[in-house]
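Worksheet: the structure to be examined is printed underneath.
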Amino acid sequence: MTTGGAGGAGPQLRVLILGGTAQARQLAAELAAATAAAPSGRVVTSLAGRVARPRLPAGETRVGGFGGPVGLARWLRDEQMTAVVDATHPFATRISASAVAACAETGVALLALRRPGWVAGPGDDWHRVPGLTAAAAALPALGRRAMLTTGRQSLAAFAPLDGIFFLIRTVDPPQPPLPADRVLLLDRGPYTVDGELALMRRHDIDVLVTKDSGGEETAAKLTAARHLGLPVLMVDRTPAPDTATVATVDAALAWLLAQPTAAGAPGSQTG
Ligand code: NAP
């Protein structure tokens with residue numbers, strides 16, 4: 001979708017996108033185009049600063065934490081933001097909670113842009129677990145050569161497991177503790193089914209461990225696992241905060257452009 005209708009709304013659009021995902025970058029690109037010709041419009045994407053070489057979104061970017069909900073509320077007031085879109089990863093729970101609290105305090109409108117979780121289909125052999133500890137406990141019963149894609153901050157849970165080989169894929173190098181028998185692969189999506197199949201075959205993988213991140217960019221591993229008849233250990237999401245939520249960038253754009261402040265109505269200065 002393009003934001004052809006955003007020209008009239010753009011002047012008052014002052015949005016913070018909490019980013020770190022492909023959807024956040026897509027939204028920033030759409031909004032940057034909408035506000036380019038609008039002098040008082042502003043779109044800022046915020047990144048945590050975890051990744052050494054992040055894919056930068058279009059438009060203005062800031063990097064680093066805000067200092068909890070209090071710091072985020074202060075920043076929203078100081079920068080006179082009128083809306084926040086929490087487009088962070090579904091497993092980034094602290095920043096999402098922070099956004100809920102800060103927006104409640106300041107009266108800034110909040111929307112969560114959260115892609116749906118993955119759904120098992122015919123031929124899938126998925127084993128859902130509530131967290132990383134449960135995944136590590138369940139793993140020995142499912143395989144001996146695991147492809148582990150749960151992220152570099154999750155690896156300590158698997159470090160104590162003996163007798164299991166791990167193909168660990170992360171964006172940046174992980175810190176110890178790590179499983180002893182491992183190959184480390186630094187890479188980031190999007191991935192293809194053919195690529196994932198070749199990788200799993202090369203390392204003789206017999207089980208896949210993943211978080212239920214959802215989205216297209218990293219879903220090829222699930223298709224590859226199905227093709228190979230491999231079990232998948234799927235770490236479930238924790239319940240999301242109770243806030244207005246959409247699943248697509250288009251829906252987030254529609255929500256933003258329907259905000260009273262986007263149309264120039266009173267109430268754009270909050271807190
Ligand atoms: P988290 O546990 O929810 O956040 C920890 C702290 O990092 C937050 O309290 C906040 O610090 C800061 N932070 C997080 N996201 C931020 C953002 N977009 N802008 C500014 N500060 C942010 O998050 P996480 O799981 O460490 O993830 C960090 C970032 O990586 C997120 O932005 C997320 O979208 C992205 N990411 C996460 C995963 C994952 O599996 N968790 C996967 C891919 C991408 P303050 O309290 O000081 O504000």
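As the structure lists them, so they are numbered: ligands from 1, and atoms in each ligand from 1.
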Could you name the protein residues that come within less than 4.0 Å of ligand 1, counting only heavy atoms, and order them by chain and residue number? Gly19, Gly20, Ser46, Leu47, Ala48, Arg50, Arg62, Gly64, Gly65, Phe66, Gly67, Gly68, Thr88, His89, Phe91, Ala92, Thr93, Arg94, Ile95, Gln153, Lys211
Out of curiosity, Met147 CE to His203 NE2, how far, rounded to the nearest 0.5 Å? 9.0 Å
Quick one: salt bridge (Lys or Arg N to Asp or Glu O under 4.0 Å) pairs with a partner in residues 61-72, sequence neighbours left out? none
Using the test salt bridge (charged side-chain N to carboxylate O under 4.0 Å, His left out), find all partners of Arg226 that sit at least two apart in sequence or belong to another chain. Asp124
Scan for ring-ring contact (aromatic ring centres under 6.0 Å, His included) pairs involving residues 102-149, sequence neighbours excluded, and state none if there are none. none
Check ion pair Arg114-Asp86 (N to O, under 4.0 angstrom): yes
Looking only at heavy atoms, the pair that brings Pro179 and Ile168 closest together is CD-CD1, 3.9 Å
